Structures are given as structure tokens and as C-alpha cells.
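Notes for the one structure printed next.
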Amino acid sequence: RSVIKILEEKIKSEGVVLGSDILKVDSFLNHQVDPFLMSQIGQAFADKFSQAGITKVLTIEASGIAPALMTSLQLQVPMVFARKHKSRTLSGNFYTASVYSFTKQTENKIAISKKFINADDRVLIIDDFLANGQAVQGLLDITSQAGATAVGVGIVIEKRFQAGHDLILSKNIPLVSLASIDHFQDGQVVFNNEGAA
Ligand code: G4P
Ligand code: NA
Ligand code: NA
């Protein structure tokens, strides 16, 4: 079975829909981590971007780290995770960006040391969820501050009904989302490709 099918089945069997727009997947992605699934996810992203000359995989702590690390292992390049800082701890040696969370209604600073991203880098951004795209937007902001090139974005689970998908496509950056949720219906997940395949 393809990693997409395995992931979709795992979401159906273990995911819990909370309210109108949140999917809880604590058993394999956001708390406990399934390392075998994560390794297949890394392989899938690496396959998609194998010809893109990626030199670095970027994500944000904490939940992006597992899929990003597996991807970087397959591509044989470093993985860098942006840290979520309190502003007083930031110094001039970091690129920083503001990430607004609509879910939590908080504004967070993220930071990556200037040592670990530079103008020669060709960056693949990986994250666990794509909702409104603000986390990816923050990483794109830092990538551009460094003069590096954003080559693509890989997402484990996207919620297609939120704004992030279209935001990334509007920037003409290739987006690979393994599981694409069209909507939630009566507490169940409906994938984008359902009925199509
Ligand atoms: P955005 O980056 O797409 O704009 O996401 P948003 O602000 O809406 O989400 C804030 C946090 O919630 C992010 O994690 C994001 O990954 C996560 N998130 C968004 N939608 C869902 C969902 O339906 N299910 C789950 N499980 N998470 C979701 P974070 O605050 O960066 O936390 P961490 O888990 O990476 O530490
Ligand atoms: Na995340
Ligand atoms: Na998260």
C-alpha cells in the first residue's frame, strides 16, 4: 500500500475530530510518534523532491521535527528546526519571523540562527499540519531573509478548507500534501480524493 493510503487509514482509525476544524492525531504524529510511518513519509517527500537540489530541510519545533528529520535523512542533507523564542532571548545572530496562530489566537516569534541557513541553500519546508499556512509563511520569510531559495513545501496532513493551501500555491511554490482533508462531516474525516479514486 502507498504511504498515502496507510496515512489516510491511520487518520480514519485513530484520528479524533474536535469541533468543526481540528483533527487530533496524538497517537502517531503530535505526541506519540510512529517511527515506521514517519520513515515512509520521509521517503515519500524525498522521492518527490529528489531532483530539486535540496540542500536543507526546514521545519518548526516541535511536531514538524519527526517528518522533517526523516525527509532529511533520505535526502542526505541537514534538517534545521526553527525555535519558538521569547523575544527577549533573540539576538542579532538569528533570522526571526512572526507567526500568528488563528487556532490559538497568539503571535509567536520563530528564529533560526544565521549559521544554519545561507544564500546558497535550496530549502524544502516540511510540517505536520497545514491549516492557515502561517507557520510555512514564517519559514518562507526566514528563507527569503537569508537569500536562500524555497524549492518546495511538504505537508503530512493539510486541511484543504483552510487558507494555507491556496496561500502557498499563490506564491508558485510546489506543494506536496500527503493526506488532504476536504472537510469534516459528522465527526468523520472526508479526504479530498474521495469519490475521485
Ligand atoms: P498554520 O500554521 O497553518 O496557520 O496553523 P495554525 O496557526 O492554525 O495552527 C497552530 C498550531 O496548531 C500548529 O502547531 C499547527 O500545526 C497546529 N494545527 C493546526 N490545525 C491542526 C489540526 O487540525 N490538528 C492538529 N493536531 N494540529 C493542528 P504548533 O502550535 O506549531 O505546535 P507543535 O505541535 O508543532 O508544537
Ligand atoms: Na507544526
Ligand atoms: Na502541531
Side-chain angles (χ1 to χ4, degrees), residues 7-35 37-38 41-42 45 57-72 79-87 95-112 123-144 150 152-171 173-192:
L7 179 62
E8 287 181 350
E9 282 169 21
K10 198 113 168 149
I11 291 168
K12 290 250 186 200
S13 61
E14 298 181 26
V16 178
V17 177
L18 299 177
S20 61
D21 62 357
I22 297 290
L23 175 71
K24 191 169 174 176
V25 284
D26 272 11
S27 68
F28 63 91
L29 184 58
N30 288 135
H31 195 9
Q32 176 171 259
V33 176
D34 179 334
L37 175 62
M38 222 45 71
I41 285 168
F45 288 138
V57 175
L58 250 57
T59 191
I60 303 183
E61 64 177 347
S63 298
I65 292 176
L69 181 65
M70 290 301 180
T71 306
S72 69
M79 181 276 286
V80 181
F81 62 90
R83 310 191 73 128
K84 295 169 176 168
H85 273 252
K86 295 256 191 296
S87 55
Y95 297 113
T96 67
S98 265
V99 175
Y100 181 74
S101 170
F102 291 98
T103 308
K104 298 174 180 168
Q105 300 204 343
T106 54
E107 179 111 0
N108 279 300
K109 272 230 167 75
I110 61 168
I112 293 181
V123 168
L124 174 60
I125 293 171
I126 298 288
D127 213 350
D128 56 336
F129 267 90
L130 178 61
N132 290 298
Q134 297 306 296
V136 171
Q137 172 68 59
L139 289 172
L140 288 171
D141 186 346
I142 285 176
T143 300
S144 117
V153 175
I155 298 292
V156 181
I157 303 173
E158 74 168 4
K159 293 182 291 181
R160 186 65 184 80
F161 54 90
Q162 292 185 278
H165 179 104
D166 293 333
L167 178 72
I168 293 165
L169 292 192
S170 75
K171 299 171 188 293
I173 297 171
L175 169 63
V176 174
S177 299
L178 297 180
S180 180
I181 295 174
D182 189 74
H183 63 284
F184 298 128
Q185 191 170 19
D186 305 324
Q188 301 294 311
V189 174
V190 180
F191 292 108
N192 226 335

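Values below: all heavy atoms of this structure, side chains included; hydrogens, waters and symmetry mates excluded. Counting starts at 1 for both ligands and their atoms, in listed order. Computed from a predicted structure; not experimentally measured.
Checking Asp166, Asp21, Asp182 one by one against Arg160, the salt bridge (charged side-chain N to carboxylate O under 4.0 Å, His left out) holds for a single residue, Asp166.
Considering both main-chain and side-chain atoms, Ser63 comes within under 3.5 Å of ligand 1 through a nitrogen or oxygen pair. On a distance-only criterion, Lys24 and ligand 1 share no N/O pair closer than 3.5 Å. Considering backbone and side-chain atoms together, Phe129 places no N or O closer than 3.5 Å to any N or O of ligand 1. At least one N or O atom of Leu23 sits closer than 3.5 Å to an N or O atom of ligand 1. Residue Gly133 places at least one N or O, backbone or side chain, under 3.5 Å from an N or O of ligand 1.
Contacts with ligand 1 closer than 4.0 Å are made by heavy atoms of both the backbone and the side chain of Asn132. Using a 4.0 Å cut-off between heavy atoms, Gln162 makes no contact with ligand 1 at all.
Residues Ile155 and Phe129 approach most closely at CG2-C, 4.0 Å, considering heavy atoms.
Every atom of ligand 1 with a heavy atom of Asp21 under 4.0 Å away is listed here by number and element: 23 (O). Heavy-atom contacts of Ala131 reach the following atoms of ligand 1: 3 (O), 5 (O), 8 (O), 19 (C), 20 (N) (cutoff under 4.0 Å). Heavy-atom contacts of Thr103 reach the following atoms of ligand 1: 6 (P), 8 (O), 9 (O) (cutoff under 4.0 Å). Taking every non-hydrogen atom of Phe102 and a distance limit under 4.0 Å, the qualifying atoms of ligand 1 come out as 7 (O). Ligand-side atoms of ligand 1 in range of Asp128: 16 (O), range being under 4.0 angstrom from any heavy atom. Residue contact check: Asn30 has heavy atoms under 4.0 Å from atoms 25 (C), 26 (N) of ligand 1.
Around atom NE2 of His31, no more than 12 heavy atoms belonging to other residues, nucleotides or ligands sit under 6.0 Å away. Within a 6.0 Å radius of CD in Glu107, other residues, nucleotides and ligands contribute more than 12 heavy atoms.
Between Ile22 and Lys159 there is a side-chain heavy-atom pair separated by less than 4.5 Å. When side chains are defined from C-beta on, Met79 counts as touching Ile65, because their heavy atoms get closer than 4.5 Å. Two residues are said to be in side-chain contact when any heavy atoms from C-beta on lie closer than 4.5 Å; Ile173 and Val136 fail this criterion. When side chains are defined from C-beta on, Ile112 counts as touching Leu139, because their heavy atoms get closer than 4.5 Å.
Rounded to 10°, the angle formed at the Na ion (ligand 2) by OD1 of Asp127 and OD1 of Asp128 is 70°.
A side-chain N or O of Glu158 and one of Ser180 form a donor-acceptor pair less than 3.5 Å apart.
Taking a 4.0 Å cut-off on heavy atoms, Lys84 registers as neighbouring ligand 1.
No donor-acceptor pair closer than 3.5 Å links the side chain of Lys10 to the backbone N or O of Phe28. With hydrogens and angles ignored, the 3.5 Å screen pairs a side-chain donor or acceptor of Glu61 with a backbone N or O of Lys84.
Among Glu61, Gln134, His165, Gln105, the residue whose heavy atom lies closest to atom 4 (O) of ligand 1 is Gln134. Taking only non-hydrogen atoms, the option from Lys104, Lys159, Glu158 nearest to atom 20 (N) of ligand 1 is Lys159.
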